[in-house]
Protein chains: 2
Amino acid sequence: MSTHPAKPDARSKLLDAAMSVVRTKGYSATTVDELCAAAGVTKGAFFHHFKSKEALGVAAVEHWSETTGTVFANAPYHDHPDPLQRVLGYVAFRKSLLTGSVTDFTCLVGTMVQEAYDSAPAIRAACDKSISSHAGTLEADIEAAMEERGMSPDWTATSLALHTQAVLQGAFILAKAKGGAEAAAESVDHLTRYIELLFGAARH
Amino acid sequence: MSTHPAKPDARSKLLDAAMSVVRTKGYSATTVDELCAAAGVTKGAFFHHFKSKEALGVAAVEHWSETTGTVFANAPYHDHPDPLQRVLGYVAFRKSLLTGSVTDFTCLVGTMVQEAYDSAPAIRAACDKSISSHAGTLEADIEAAMEERGMSPDWTATSLALHTQAVLQGAFILAKAKGGAEAAAESVDHLTRYIELLFGAARH
DNA sequence: AGAAACATACCAACCAGTTGGTATGTAGTC
DNA sequence: GACTACATACCAACTGGTTGGTATGTTTCT
């Protein structure tokens, strides 16, 4: 009974509810009442933990970053000794997540920033930080792969890391538009092929 | 006085207003009153032309497709005799549009489908049609470029056309998150490089 | 006891959509 | 060509329900 296995308080229940409800309905269309109902808490609890709906939005993005960050940190692709294989492993891992309902595999941050980039600067900043820091985990491996091959191309590791995020976010939009993951998966395949070409061509 | 130069009725004023307001605030956060104010018409006029807010959403997507369709149809890249150059010209043209404020160069369809894919099936369908038909205009050139080189790769022209749209939509999300077009432009550069590698490699 | 964590009751502003009406056609009929 | 019948385009005021947020409790933990 040392470390409580899980004593979900209202705050984390609300954040978990936000992750799924917001991804389904979007941020603006999600009401505070709805969030409370989904979390099984009252409105009093909501405004005890968050001073406004926007504050919950910021916290939800941070919560998302932590939750998904753990998933990626524990993913098996890190074990590869070759940094390029780690990058390709990351992309393959992202592709393997494209199953089940569209709501479940799409990204909270991409959804929220679309709606809030102009009207809620704090949410925009949180989303930027989330995307950029996640891309940052890729950048080191990309850089290592470049160095290993003695490459000095006209693109940067940063831009390639961000490009992977752009492809994934765009793939989610395709999935939402088409109501399925097929086109999204093929887009991720193109990303894999691009990275292989990029590094394969330099080998010669 | 044969063809009226421009007699903007309430309907088209509302559709034009929707294109800019929705891209700024998102679909859900945009109110009917706001739209009416931006268009300079009354609420009565709104519900005379559209039976609901959702119906306006569908019409706005279709209006967007027509408006942007004209822009691309008249763009100069179509003149190139080489189909591959037309594809690359399209991507370069898309990159050249990444100027000014984020609101002005981002895509109405990508914004709307994120919010409405689950709650408004009619809007989702309209967005799918818009993206797919726009991708379709690229597909023919991609196919022609493949044939010209006698390529039979493990990817299809359709998937590459949709991939270009995914990259562009993802680039818009980057732009919104970062508050500027720089990262988006670099992502489009990566797309150009990918297409060049894809077709350049087959040349040999 | 005192503070943090929650619950209940409530409110003012706002929202999509409705109502009843006016102004301007336009097609048909005698 | 004028009168009726009907349709389209638009408007201002209103409505019932919803929204984010607050005020004021009660319970729980230390």
Side-chain angles (χ1 to χ4, degrees), chain A residues 1-18 21-22 24-61 63 111-112 115-116 118-124 126, chain B residues 1-18 21-22 24-61 63 112 115-116 118-123 126:
Chain A
M1 216 200 266
S2 49
T3 52
H4 284 258
K7 191 232 162 192
D9 59 341
R11 191 187 140 91
S12 57
K13 279 194 283 184
L14 280 164
L15 290 173
D16 286 340
V21 179
V22 171
T24 305
K25 314 192 45 171
Y27 171 73
S28 301
T30 299
T31 69
V32 173
D33 284 316
E34 210 169 355
L35 241 28
C36 293
V41 303
T42 60
K43 229 168 170 181
F46 184 102
F47 284 100
H48 173 72
H49 289 287
F50 307 103
K51 78 168 214 291
S52 65
K53 186 190 172 186
E54 183 175 334
L56 167 116
V58 172
V61 170
H63 182 63
T111 301
M112 284 188 68
E115 295 180 67
D118 189 75
S119 41
I123 291 179
R124 201 228 87 236
Chain B
M1 215 201 267
S2 47
T3 52
H4 285 259
K7 191 232 163 191
D9 59 342
R11 191 187 140 90
S12 57
K13 278 194 284 184
L14 280 165
L15 290 174
D16 285 341
V21 179
V22 170
T24 305
K25 314 194 46 171
Y27 170 72
S28 301
T30 298
T31 69
V32 173
D33 282 315
E34 213 167 353
L35 241 27
C36 292
V41 304
T42 60
K43 226 166 170 181
F46 183 101
F47 284 100
H48 171 73
H49 290 287
F50 308 102
K51 81 169 212 291
S52 65
K53 188 189 170 186
E54 183 176 333
L56 167 114
V58 172
V61 170
H63 183 63
M112 285 189 67
E115 294 181 68
D118 189 75
S119 41
I123 291 179

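Because the structure is a prediction, the values reported are computed rather than measured.
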- Taken in chain and number order and not counting sequence neighbours, the residues that satisfy side chain to side chain donor-acceptor pair (under 3.5 Å) with B/Lys25 are B/Glu34
- Task: Name all residues meeting the side chain to side chain donor-acceptor pair (under 3.5 Å) criterion together with A/Ser28; count only those two or more places apart in sequence or in a different chain, and write none if there are none.
- Result: A/Glu115
- Query: Which of residues 24-34 of chain B have a heavy atom under 4.0 Å from DNA chain D?
  - Reply: none
For [X] and [Y], work out which heavy atoms get closest and say how close.
X: B/His63; Y: B/Leu15; answer: CD2-CB, 3.6 Å
X: A/Thr30; Y: A/Gly26; answer: OG1-O, 2.5 Å
X: B/Arg11; Y: B/Ala59; answer: NH2-CB, 4.3 Å
X: B/Ala126; Y: B/Val61; answer: O-CG1, 3.6 Å
X: B/Ala18; Y: B/Leu56; answer: CB-CD2, 4.2 Å
X: B/Val22; Y: B/Met112; answer: CG1-CG, 3.8 Å

- Where along residues 40-51 of chain A does a heavy atom come under 4.0 Å from DNA chain C, residue by residue in number order? A/Val41, A/Thr42, A/Gly44, A/Ala45, A/His48, A/His49
Protein-nucleotide distance ([X], atom [atom1]; [N], atom [atom2]), rounded to Å:
X: A/Asp9; N: C/dA7; atom1: CG; atom2: P; value: 12 Å
X: B/Lys53; N: D/dG17; atom1: NZ; atom2: P; value: 20 Å
X: B/Arg11; N: D/dT8; atom1: CZ; atom2: P; value: 14 Å

Would you tabulate the side-chain donor-acceptor contacts of residues 37-52 of chain A under 3.5 Å, counting partners in other chains and residues two or more places apart, or write 'none'?
from: A/Lys43; atom 1: NZ; to: A/Asp33; atom 2: OD1; distance (Å): 3.4
from: A/Ser52; atom 1: OG; to: A/Glu54; atom 2: N; distance (Å): 3.4
from: A/Ser52; atom 1: OG; to: A/Ala55; atom 2: N; distance (Å): 3.1

- Out of C/dG17, D/dC10, C/dC6, whichever nucleotide has its closest atom nearest the side chain of B/Ser52: C/dG17
- Task: Measure the angle between the two terminal helix axes of the helix from C/dA1-D/dT30 to C/dC30-D/dG1, five base pairs each, and quote it to 10°.
- Result: 10°
